[in-house]
Amino acid sequence: QVQLVESGGGLVQAGGSQRLSCAASGRTVSSYAMGWFRQAPGKEREFVAAISWRGGNTLYGDSVKGRFTISRDNARNTVYLQMNSLRPEDTAVYYCAAAETSFYTVVVRRTTNYNYWGQGTQVTVSS
């Protein structure tokens, strides 16, 4: 079992930056692909970013490309999401997830392919 706990959410002004962290426990996640998703009220959960085991491959949703950066520190069992140039439409609950994959280069986009999820952290961007 893998437990994931997100932190770093809060209120930020439009144009600002924020970094989210996802701390894993229970098992090392060095052999899991990791991802970030978000869900705004009344909307479906949306893919934000994903990263492979060693961080060599990343993938971003179109709405955050060029503004957000996903990274990981396997020694700390932690994944990060650096968010820059934030917009009011980025307001959502942000979730971290872990996926069991068979190869170290794989990145995962679909929610159904993730095995473990955190409880989420609220990010609110004011205009």
On a heavy-atom basis, which atom in [X] and which in [Y] lie closest, and how many Å separate them?
| X | Y | answer |
| --- | --- | --- |
| S127 | A14 | CA-CB, 4.3 Å |
| R27 | V2 | CB-CG2, 4.0 Å |
| N77 | S25 | ND2-N, 4.4 Å |

Qualifying side-chain hydrogen bond (donor to acceptor under 3.5 Å, both in side chains) pairs, either residue in residues 6-21, two or more places apart: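 side-chain hydrogen bond (donor to acceptor under 3.5 Å, both in side chains) check on residues 6-21 returns S17-N84.
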Heavy-atom neighbours of Q3 CD exceed 12 at 6.0 Å: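 Yes, enclosed.
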Spacing of CE belonging to M83 relative to CG belonging to L20, to within rounding of 0.5 Å: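 Nearest 0.5 Å value for the CE-CG distance: 3.5 Å.
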Distance, nearest 0.5 Å, that separates CE of M34 from CG of L81: 11.5 Å
4.5 Å side-chain heavy-atom contact, V106 and S52: no
Side chains of N74 and T28 in contact at under 4.5 Å (non-hydrogen atoms):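 Not touching, per the 4.5 Å side-chain cut-off.
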Partner set under salt bridge (Lys or Arg N to Asp or Glu O under 4.0 Å) for R76, not counting sequence neighbours: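 So R76 forms a salt bridge (Lys or Arg N to Asp or Glu O under 4.0 Å) with D73.
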Contacts of type salt bridge (Lys or Arg N to Asp or Glu O under 4.0 Å), residue E46, not counting sequence neighbours: R38
Set of residues satisfying ring pair (Phe, Tyr, Trp, His ring centres under 6.0 Å) with respect to Y94, sequence neighbours excluded: none
Qualifying disulfide bond (SG atoms under 2.5 Å apart) pairs, either residue in residues 86-127, two or more places apart: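 Counting only pairs at least two positions apart or across chains, the disulfide bond (SG atoms under 2.5 Å apart) contacts touching residues 86-127 are C22-C96.
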Got a sec, which residues hit side-chain hydrogen bond (donor to acceptor under 3.5 Å, both in side chains) with [X], two or more places apart in sequence or on another chain?
| X | answer |
| --- | --- |
| T111 | none |
| K65 | D62 |
| R67 | D90 |

Side chain to side chain contact (heavy atoms under 4.5 Å, CB included) evaluation trace for L11 with S126: CA-CA 7 Å; L11 177 65; S126 63; 4.2 Å; yes
With V93 via side chain to side chain contact (heavy atoms under 4.5 Å, CB included) - residues at least two apart: Y95, Q122
Any donor-acceptor pair under 3.5 Å from N57 side chain to I51 backbone: no
Sequence neighbours excluded - ring pair (Phe, Tyr, Trp, His ring centres under 6.0 Å) pairs with any residue from residues 24-50: F37-F47, F37-Y114, F37-W117
Sequence neighbours excluded, every pair satisfying ring pair (Phe, Tyr, Trp, His ring centres under 6.0 Å) that has a member inside residues 51-85: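 Sorted pair list comes back empty.
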Cluster companions of V5 among Ile, Leu, Val, Met, Phe, Trp, Tyr (side-chain spacing under 4.5 Å): none
Test side chain to side chain contact (heavy atoms under 4.5 Å, CB included) applied to R72 and T78, step by step: CA-CA 6 Å; R72 65 189 299 164; T78 302; over 6 Å; no
Worked verdict on T101 versus V108 for side chain to side chain contact (heavy atoms under 4.5 Å, CB included): CA-CA 9 Å; T101 58; V108 180; 3.7 Å; yes
Hydrophobic cluster membership, I70 vs Y116, 4.5 Å side-chain cutoff: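 Result: yes, single cluster for both.
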